[in-house]
J.: 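Before I ask anything, let me first share the structure, which is written out below as structure tokens.
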Amino acid sequence: MKRTGLKDLPNAVQGNVILRFAPNPNGPLTLGHARGVTINSEYAKNYEGKVVLRFDDTDSKVKPPLKEAYAWIEEDYKWLTGKEPDIIVRASERMDIYMKYAKKMLSDDFGYVCKCSAENFKKLRDSSKECPCRIKDPKENLSDWDEMNNGLIGEGMAVVRVKTEMNLPNPALRDWPALRIQHTTHPMVGDKYKVWPLLDFQSAIEDYEQGVTHIIRGKDLMDSTRKQTLLYEHFGWKYPETLYWGRVKIHEFGSFSTSGMRQEIENEKYSGWDDPRLPTLRALRRRGFDSDAMRDFWIDLGLTQKDISVSLQTIESFNSSKIDSSCERRVFVRNPQRIRLDDNNTQIERKLTLNKHPLNEIKGHREWDLEDLEIYIEARDLEHSEIRLKDFADIEIQDSNGIIQSIERTDKRQIVHWLPKSIAKKAILTIPKDNEIVIQEGMMEDIQIIKNNVVQLERVGYAKIESNDDDVIKLLWLHG
RNA sequence: GCUCGUGUAGUGUAGUGGUCCAUCAUGAAGCCCUCUCGAGGCUUCGACCCGGGUUCAAAUCCCGGCACGAGCACCA
């Protein structure tokens, strides 16, 4: 029996589930983040629980937060889930809480201020030896703590460590660092703090404060779980249920990073965060991807620890099935070739009425005027000498003339899309392809061209109407 | 090197000892229908990493190997 949707969460009580999604606000959300947003919000929905959107902005040096990114992320979250997060917290605004627990850690003697250099400590740690700072009493540690906070100790000169065991089998867990000194200015709170918590500490404390019941995170954070569990034991807290997902790679986008994109945008390699070549949610939204389709895709992948590599095609397939019934049809002729129709003494209608959608899922029609018998056809369709103009007539091509053979369909010849010159308007289709932009010029039927609508260009694919000015329609490629 | 994790068709995914000569989606090939290369319908292709063991019975449990990935940052 095929299960639909996500697996059950372990030890979850209906109505009492709290999850969290914790991005670094150094850029807008990407396709990768979409998995986290979708999985967490979907579980929250299933269990009538809550999602905490938490900004992990405790590093202003290596991954400096971007002031605008907070709002972008909230916007992206809302687009994808259709609702606001239940709770929003910014780590940088909750520093006093983390400081309080850090101090408690020192006064209760399960943490200490370590002044060893990183290299030195690593050496000791790798040979399971305690560092000399470890034996200091709480009083001395608290006075060192004050010096750290007063700025008397420079960056890199001291950290606060959590006491674990130096003979733990996994070296990564031995007396791990919880807070360090950063004198850089934080974009949101300025120079208020000299000491900042590291992710493992901040996240652990905040999960406790928010009453998080289930953590779903990348499996690269498995050691974080173990470190944080040791911290929780010191505090006497129970660690949340934790689930993991593996790494996801989308073929078409290769590997990318938010900071890398930020750099490329500054270098003007990309036009902005919504450049259609980028894997950001705003770029995909701009192109016309449907948020429900995107959620369906991630839910279908589910929650597994396998590292996977999927094709954009799969997402596109989910998207097509979501949007097809609501996309009106329009004709876009690429490399247009002008053909003059010869009525060949047959009686032809000079007005055509076409459905907006072949199955009439969208009511309404398009009226085509064929008065002057001049039409456009794609160059490549001229390779056949006998073709059928879709919804109109069988013709035979002779030079640049199209001789009408029959109004009724008489055989299985190729059906092509075409366009009366009288209703044709110049159009430009922008296609993101292999990290480049390809421009395809053509003629499009100038009927009800509404900005921001996604239409299906018959025999071409789906595209978003980005603008419709006096002389040209601008289209942005979605997918085939 | 140490620690941890994962291995089911091309790509994803279901399956937790028999109901599995293994599910569904996507993909590819082909057919039908529709006056789109779209939608719908149908057919075909195609997988349990390897080797042992436990058991009447293993994709499912155990052990070993192999492969891949991650962590071992005063990043998140």
Side-chain angles (χ1 to χ4, degrees), chain A residues 1-4 7 22-26 55-65 91 114-119 121-122 125-126 155-161 168-174 176-182 195-200 202-203 217-227 244 246-249 251 257-259 296-297 299-311 313-318 320-321 323-325 327 329 331 354-355 357-359 361 388-394 407-409 412-417 456-462 480:
Chain A
M1 193 55 184
K2 168 87 173 173
R3 183 177 48 71
T4 53
K7 284 186 179 107
N24 177 332
N26 63 347
F55 293 105
D56 281 344
D57 55 350
T58 56
D59 174 49
S60 49
K61 200 168 186 178
V62 183
K63 289 189 179 167
C114 173
K115 295 182 182 172
C116 298
S117 69
E119 308 91 278
F121 183 85
K122 185 174 159 49
R125 184 196 66 184
D126 288 347
E155 287 190 13
M157 302 308 287
V159 293
V160 175
R161 296 190 180 280
L168 252 22
N170 185 346
L173 312 185
R174 297 172 191 161
W176 53 274
L179 303 98
R180 72 347 195 154
I181 300 168
Q182 281 199 339
V195 178
W196 286 85
L198 286 152
L199 174 80
D200 289 324
Q202 178 272 130
S203 174
R217 54 167 47 142
K219 67 175 183 178
D220 52 315
L221 262 29
M222 280 182 165
D223 281 349
S224 284
T225 301
R226 299 178 187 111
K227 289 183 204 172
Y244 306 93
R247 171 186 57 72
V248 180
K249 203 183 218 161
H251 287 137
S257 71
T258 303
S259 49
D296 288 350
F297 165 77
I299 290 167
D300 187 65
L301 287 197
L303 183 52
T304 68
Q305 290 188 29
K306 274 203 283 187
D307 293 326
I308 56 176
S309 188
V310 293
S311 168
Q313 269 190 61
T314 308
I315 304 179
E316 291 173 353
S317 158
F318 274 88
S320 296
S321 53
I323 66 172
D324 183 76
S325 61
C327 282
R329 268 52 174 174
V331 167
L354 303 172
N355 282 348
H357 188 281
L359 306 174
E361 298 199 40
R388 176 160 182 87
L389 302 179
K390 185 173 184 294
D391 296 310
F392 181 55
D394 287 357
I407 293 299
E408 296 306 313
R409 191 178 182 188
K412 294 250 181 184
R413 68 180 67 185
Q414 177 91 61
I415 295 167
V416 309
H417 63 300
Q456 188 199 90
L457 306 172
E458 286 186 303
R459 294 181 70 222
V460 178
Y462 298 93

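Naming convention: chains lettered A, B, ... in sequence-line order (proteins, then strands); numbering from 1 in each chain.
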J.: So, does A:S317 use its side chain to make a donor-acceptor pair with the main chain of A:Q313 at under 3.5 Å?
T.: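 Looks like no, no N/O pair under 3.5 Å.
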J.: Using a cutoff of under 3.5 Å, can you pull out all pairs of nitrogen or oxygen atoms linking the protein to nucleotides 29-32 of chain B, with atom names and distances?
T.:
none

J.: What is the distance from CG of A:D200 to P of B:rC74, rounded to the nearest Å?
T.: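 That distance rounds to 11 Å.
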J.: Of all residues at least two apart in sequence or in a different chain, which pass the side-chain contact (heavy atoms from CB on, under 4.5 Å) check with A:S257?
T.: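 A:S257: side-chain contact (heavy atoms from CB on, under 4.5 Å) contacts with A:S259.
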J.: With rounding to the closest Å, how many angstrom separate the P atoms on B:rC72 and B:rG30?
T.: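 Taking atom P in both B:rC72 and B:rG30, they lie 50 Å apart.
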J.: Taking only the side-chain heavy atoms of A:R388 (C-beta and beyond), determine which of B:rC72, B:rC35, B:rA76 contains the nearest atom.
T.: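 Ranking B:rC72, B:rC35, B:rA76 by closest atom to the A:R388 side chain puts B:rC35 first.
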J.: Does A:F392 have any ring-ring contact (aromatic ring centres under 6.0 Å, His included) partners at least two apart in sequence or in another chain, and if so, which?
T.: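 Residues passing ring-ring contact (aromatic ring centres under 6.0 Å, His included) with A:F392: A:W418.
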J.: Using the rule given for side-chain contact (heavy atoms from CB on, under 4.5 Å), can you reason through A:V416 versus A:L389, listing the C-alpha separation, both sets of side-chain angles and the distance that settles it, and then say yes or no?
T.: CA-CA 5 Å; A:V416 309; A:L389 302 179; 4.1 Å; yes
J.: Indicate the atoms forming the closest heavy-atom contact of A:A158 with A:K115, along with that distance.
T.: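 Heavy atoms of A:A158 and A:K115 come nearest at CB-CG, 4.1 Å.
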J.: Give one of base, sugar-phosphate or nothing for A:T58, where a contact means two heavy atoms less than 4.0 Å apart.
T.: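 Sugar-phosphate contact only - A:T58 comes under 4.0 Å of backbone atoms but never of a base.
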J.: Please figure out whether A:I415 or A:P23 has its closest RNA chain B nucleotide nearer the 5' end.
T.: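 So the residue in question is A:I415.
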J.: Between P on B:rU3 and CG on A:L168, what's the gap in Å once rounded to a whole number?
T.: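 Nearest whole value for this atom pair: 12 Å.
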J.: Under the rule for salt bridge (Lys or Arg N to Asp or Glu O under 4.0 Å), what residues qualify as partners of A:D59, not counting sequence neighbours?
T.: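 For A:D59, the residues satisfying salt bridge (Lys or Arg N to Asp or Glu O under 4.0 Å) (neighbours in sequence not counted) are A:R180.
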J.: Using whole Å, report how far CG of A:D220 lies from C1' of B:rC75.
T.: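 Distance check: A:D220 CG to B:rC75 C1' gives 12 Å.
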J.: Select base, sugar-phosphate, or nothing to describe what A:G302 touches, counting heavy atoms under 4.0 Å on all strands.
T.: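 Answer is nothing: A:G302 stays at 4.0 Å or more from every strand.
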J.: What integer number of Å spans the C1' atoms of B:rC21 and B:rA28?
T.: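 Looking at atom C1' only, B:rC21 and B:rA28 are 24 Å apart.
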J.: What is the minimum heavy-atom distance between A:D324 and A:R329, and which atoms define it?
T.: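 So the minimum-distance heavy-atom pair works out to OD1-NH2, 2.9 Å.
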J.: Please name all residues satisfying side-chain contact (heavy atoms from CB on, under 4.5 Å) with A:L199, sequence neighbours left out, ordered by chain then number.
T.: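 side-chain contact (heavy atoms from CB on, under 4.5 Å) check on A:L199 returns A:D56, A:Q202, A:S203.
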J.: As a test of reading the structure: which of B:rC75, B:rG12, B:rA76 is closest to the side chain of A:V310, going by heavy atoms?
T.: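 Nearest to the side-chain atoms of A:V310, counting from C-beta on, is B:rG12.
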J.: Using a heavy-atom cut-off of under 4.0 Å over every strand shown, decide if A:S325 touches base, sugar-phosphate, or nothing.
T.: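 Here A:S325 touches no strand at all.
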J.: If you find the nucleotide of RNA chain B closest to A:I407 and the one closest to A:K122, which residue's nucleotide is nearer the 5' end?
T.: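 First, find each residue's nearest nucleotide; the 5'-ward one identifies A:I407.
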J.: Give me, pair by pair, the N or O atoms of the protein and of nucleotides 38-45 of chain B that are less than 3.5 Å apart, along with how far apart they are.
T.:
residue: B:rG38; atom: O2'; partner: A:D324; partner atom: OD1; Å: 2.8
residue: B:rG38; atom: O2'; partner: A:Q456; partner atom: NE2; Å: 2.8
residue: B:rG38; atom: O2'; partner: A:Y462; partner atom: OH; Å: 2.9

J.: For Watson-Crick and G-U wobble pairs within 3.5 Å on both distances, what is RNA chain B written in dot-bracket notation, | included for inter-strand pairing?
T.: (((((((..(((.....[.....)))((((((.(...).))))))...(((((..]....))))))))))))....
J.: Is A:K63 side chain donor-acceptor paired with the B:rC75 base, going by distance under 3.5 Å alone?
T.: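 Such a pair is found, so the answer is yes.
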J.: In whole angstroms, how far is the P atom of B:rA76 from the CG atom of A:L179?
T.: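 That distance rounds to 11 Å.
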J.: Kindly point out which of B:rU11, B:rC35, B:rC75 is positioned nearest to the side chain of A:Q182?
T.: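 Taking heavy atoms from C-beta onward, the closest nucleotide is B:rC75.
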J.: So, are A:K227 and A:D223 salt-bridged, with charged N and O less than 4.0 Å apart?
T.: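 Here A:K227 does not pair with A:D223 in a salt bridge, since their nearest N and O are not under 4.0 Å apart.
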J.: Could you state the CG-P distance from A:D391 to B:rU34, rounded to the nearest angstrom?
T.: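 Those two atoms, CG and P, are 14 Å apart.
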J.: OP1 or OP2 of B:rA70 versus the side-chain N and O atoms of A:R217: is any pair under 4.0 Å?
T.: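 Result: no.
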J.: List the residues meeting ring-ring contact (aromatic ring centres under 6.0 Å, His included) with A:F121, not counting sequence neighbours, and say none if there are none.
T.: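 With sequence neighbours excluded, A:F121 shows a ring-ring contact (aromatic ring centres under 6.0 Å, His included) to no residue whatsoever.
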J.: To the nearest angstrom, how far is A:L199 atom CG from B:rC75 atom C1'?
T.: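 To the nearest whole Å, that distance equals 9 Å.
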J.: Determine yes or no for a side-chain-to-main-chain donor-acceptor pair under 3.5 angstrom, with A:K219 supplying the side chain and A:Q305 the backbone.
T.: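 Between the backbone of A:Q305 and the side chain of A:K219 there is a qualifying donor-acceptor contact (under 3.5 Å).
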J.: Does A:D200 use its side chain to pair, donor to acceptor, with the backbone of A:S224 at less than 3.5 Å?
T.: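 Judged by distance alone, no pair lies under 3.5 Å.
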J.: With side-chain contact (heavy atoms from CB on, under 4.5 Å) as the test, would you mind laying out the steps for A:E155 and A:K61 before giving the verdict?
T.: CA-CA 11 Å; A:E155 287 190 13; A:K61 200 168 186 178; 2.3 Å; yes
J.: Would you give the length of the straight line joining atom CG of A:D391 to atom CD1 of A:I415, rounded to the nearest 0.5 angstrom?
T.: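 So the gap between those two atoms works out to 8.5 Å.
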J.: Against A:N26, only a single residue in A:T258, A:V62, A:D57 fulfils side chain to side chain contact (heavy atoms under 4.5 Å, CB included); can you say which?
T.: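 Of the listed residues A:T258, A:V62, A:D57, the side chain to side chain contact (heavy atoms under 4.5 Å, CB included) partner of A:N26 is A:T258.
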J.: Among residues at least two apart in sequence or on other chains, which ones pass side-chain contact (heavy atoms from CB on, under 4.5 Å) with A:L301?
T.: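 A:L301 satisfies side-chain contact (heavy atoms from CB on, under 4.5 Å) with A:F297, A:W298, A:I308, A:V310 once adjacent residues are dropped.
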J.: Just checking A:L198: base, sugar-phosphate only, or nothing, at a heavy-atom cut-off of under 4.0 Å?
T.: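 Result for A:L198 = sugar-phosphate.
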J.: Sequence neighbours excluded, which residues qualify as ring-ring contact (aromatic ring centres under 6.0 Å, His included) partners of A:W176?
T.: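 Scan of A:W176 (ring-ring contact (aromatic ring centres under 6.0 Å, His included), adjacent residues dropped) gives none.
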J.: Say we look at B:rU44 and B:rC24: how far apart would their P atoms be, to the nearest angstrom?
T.: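 Rounded to whole Å, the distance is 12 Å.
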J.: Rounded to whole Å, please give me the gap between NZ in A:K227 and C1' in B:rU3.
T.: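 After rounding, the gap between these two atoms is 12 Å.
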J.: Tell me the closest heavy-atom pair linking A:D394 and A:R413, and the distance in Å.
T.: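 Shortest heavy-atom separation between A:D394 and A:R413 comes out as CB-NH1, 3.5 Å.
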J.: For A:R161 and B:rC72, give me the distance from atom CZ to atom P, rounded to whole Å.
T.: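 Distance, rounded to whole Å: 14 Å.
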J.: Can you pull every protein N or O that's under 3.5 Å from an N or O on nucleotides 25-27 of chain B?
T.:
none

J.: Where do N or O atoms of nucleotides 4-8 of chain B meet protein N or O atoms at under 3.5 Å, pair by pair?
T.:
residue: B:rC4; atom: O3'; partner: A:R226; partner atom: NH2; Å: 3.4
residue: B:rC4; atom: O2'; partner: A:R226; partner atom: NH1; Å: 3.4
residue: B:rC4; atom: O2'; partner: A:R226; partner atom: NH2; Å: 2.5
residue: B:rG5; atom: O3'; partner: A:Q305; partner atom: OE1; Å: 3.2
residue: B:rG5; atom: O2'; partner: A:Q305; partner atom: OE1; Å: 2.9
residue: B:rU8; atom: OP2; partner: A:K306; partner atom: NZ; Å: 2.6

J.: Does B:rC75 have its OP1 or OP2 closer than 4.0 Å to a side-chain nitrogen or oxygen of A:R180?
T.: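 Result: yes.
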J.: Could you give the distance separating B:rA9 and B:rA22 at their P atoms, to the nearest angstrom?
T.: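 Taking atom P in both B:rA22 and B:rA9, they lie 14 Å apart.
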J.: Could you tell me how far B:rC61 sits from B:rA76 if I compare only their P atoms? Round to whole Å.
T.: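 To the nearest whole Å, 37 Å.
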J.: Rounding to the closest angstrom, what is the interatomic distance between B:rU23 and B:rG46 at atom P?
T.: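 After rounding to an integer number of Å, I get 13 Å for this pair.
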J.: I would like to know whether A:H251 and A:S309 meet side-chain contact (heavy atoms from CB on, under 4.5 Å); could you show each step before the answer?
T.: CA-CA 7 Å; A:H251 287 137; A:S309 188; 3.2 Å; yes
